[in-house]
Amino acid sequence: MKAKRVTQRAGQVVMLVAVTALFVYPFWWMLVNSLNTAAQVFGAPTLLPVSWRWRNYVEIFEIQPFARHCVNSVLVAVVGTAGNILVAGLSGYGFARLRFPGRGVLFMLLLTALMMPIEVIIVPLFFQMLGWGFDDSLVPLMLLPIFGSQGAFSAFMFRQFFVTVPGELEEAAKLDGLGYFGTFWHIMLPIAKPVISSGAILAFLAAWNTYLEPLVFTSSIEKYTLPLSLNNFNDAYGQPQWNLQMAATTVSVLPIMLVYLFFQEKVTDAMVNSGLK
């Protein structure tokens with residue numbers, strides 16, 4: 001019996017290693033080719049770089065303002081995520097705990113934003129932002145995670161969480177002299193940490209990886225975010241410089257990998273709990 005368990009465990013380990021290798025190899029291939037020349041990218045696959053060309057990581061900052069693009073992406077992701085959590089938390093609290101006419105209809109309208117692809121509304125959004133004077137600006141990229149479909153999804157998660165909170169907490173807050181906003185800020189928001197972590201990480205990833213919106217709302221190279229920047233490493237003939245694209249992609253992927261590695265358990269737990277509630 002013991003030998004059978006050992007055999008089963010060994011088989012499970014081998015299977016997990018094989019599956020892990022399938023997911024890890026593309027990233028490893030990208031990392032290896034980020035240290036090769038452009039010609040070596042299309043050579044025979046190797047587990048280690050052929051030329052160890054560290055110069056690639058210097059050139060990505062020399063060819064275009066790549067550092068500025070990194071700052072733009074961080075700014076858009078951080079501001080958009082913070083606004084997403086604040087606005088979604090308030091709207092979720094309002095839909096869950098406040099009683100007002102038309103609440104159900106408004107909530108259904110909010111959920112329709114989840115069914116509306118960005119490709120359908122991108123043209124009206126462009127003219128709206130143009131009318132507000134936000135053309136060639138990072139402001140639209142910060143507003144979309146807050147008031148777009150990602151914001152609606154976060155509001156839905158907050159609402160699902162807040163409807164399960166016992167009413168006694170609100171009554172105790174009223175006895176202490178807190179109003180609606182005070183109750184939300186001091187009572188509701190602190191106990192919604194699972195939803196905050198889940199919504200924040202999902203909003204950050206969405207804002208960091210978005211491509212269509214920066215392509216539409218920005219025109220000058222100084223306003224590019226990383227997804228646009230990665231598509232801009234071309235030679236004099238307009239052909240992609242694959243080794244530089246691999247190096248730039250490696251730099252842009254690292255923050256996302258760190259976020260996921262540190263918070264993957266919280267994301268999973270929060271999503272499961274929000275779905276059950």
Side-chain angles (χ1 to χ4, degrees), residues 10-78 80-81 138 141 200-215 218-268:
Q12 293 173 353
V13 171
V14 171
M15 183 179 296
L16 290 174
V17 170
V19 173
T20 302
L22 290 175
F23 286 97
V24 170
Y25 180 74
F27 176 78
W28 183 254
W29 182 86
M30 176 186 69
L31 185 62
V32 167
N33 284 291
S34 70
L35 297 171
N36 284 332
T37 64
Q40 292 167 344
V41 172
F42 296 98
T46 59
L47 292 178
L48 293 175
V50 177
S51 58
W52 292 94
R53 195 172 185 271
W54 296 100
R55 175 69 184 171
N56 291 344
Y57 285 91
V58 178
E59 290 184 8
I60 61 176
F61 293 95
E62 294 177 344
I63 293 178
Q64 59 176 327
F66 188 69
R68 177 66 179 272
H69 299 161
C70 293
V71 173
N72 290 345
S73 285
V74 170
L75 184 63
V76 167
V78 170
T81 300
L138 297 178
L141 308 182
I201 294 171
L202 294 177
F204 183 90
L205 295 178
W208 185 270
N209 293 322
T210 183
Y211 177 81
L212 178 61
E213 292 87 336
L215 182 64
T218 61
S219 55
S220 59
I221 192 172
E222 291 80 11
K223 301 295 177 59
Y224 281 8
T225 55
L226 285 176
L228 288 184
S229 180
L230 298 179
N231 198 38
N232 205 40
F233 288 101
N234 302 316
D235 58 20
Y237 300 98
Q239 299 299 315
Q241 295 176 290
W242 293 109
N243 58 329
L244 298 184
Q245 286 197 5
M246 298 296 174
T249 303
T250 301
V251 173
S252 67
V253 164
L254 286 178
I256 299 301
M257 290 188 63
L258 292 175
V259 168
Y260 184 75
L261 287 175
F262 280 107
F263 299 105
Q264 60 176 323
E265 185 176 350
K266 290 185 177 180
V267 174
T268 304

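This chain uses plain numbering: 1 for the first residue, then up along the sequence.
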Rounded to the nearest 0.5 Å, what separates atom [atom1] in [X] from atom [atom2] in [Y]?
X: Leu228; Y: Thr218; atom1: CG; atom2: OG1; result: 5.0 Å
X: Leu230; Y: Thr225; atom1: CG; atom2: OG1; result: 9.0 Å
X: Leu226; Y: Asn231; atom1: CG; atom2: CG; result: 12.5 Å
X: Trp28; Y: Leu48; atom1: CH2; atom2: CG; result: 6.0 Å

Would you say [X] and [Y] make side-chain contact, with heavy atoms under 4.5 Å?
X: Phe204; Y: Val74; result: no
X: Val32; Y: Thr46; result: yes
X: Asn232; Y: His69; result: no
X: Asn234; Y: Gln245; result: yes
X: Trp29; Y: Met246; result: yes

Just by distance, do the side chain of [X] and the backbone of [Y] share a donor-acceptor pair under 3.5 Å?
X: Asn72; Y: Glu222; value: yes
X: Ser51; Y: Leu35; value: yes
X: Ser73; Y: Cys70; value: no
X: Ser34; Y: Leu31; value: yes
X: Gln64; Y: Ser229; value: yes
X: Asn56; Y: Asn36; value: yes

Quiz item: Stepwise, does the side chain to side chain contact (heavy atoms under 4.5 Å, CB included) test hold for Trp242 with Asn33?
Solution: CA-CA 8 Å; Trp242 293 109; Asn33 284 291; over 6 Å; no

Nearest heavy-atom neighbours spanning [X] and [Y]:
X: Thr210; Y: Pro227; answer: O-CG, 3.1 Å
X: Leu75; Y: Leu138; answer: CD2-CD1, 4.2 Å
X: Ala77; Y: Trp208; answer: CB-CE3, 4.1 Å
X: Ile60; Y: Ala247; answer: CG2-CB, 4.2 Å
X: Thr37; Y: Arg53; answer: CG2-CD, 3.9 Å

Quiz item: What residues form a side chain to side chain contact (heavy atoms under 4.5 Å, CB included) with Ser219, not counting sequence neighbours?
Solution: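 Side chain to side chain contact (heavy atoms under 4.5 Å, CB included) check on Ser219 returns Asp136.
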
Quiz prompt | CG/Leu47: more than 12 non-hydrogen atoms of other groups inside 6.0 Å | solution =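 No - once you tally the heavy atoms of other residues, nucleotides and ligands closer than 6.0 Å, there are 12 at most.
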
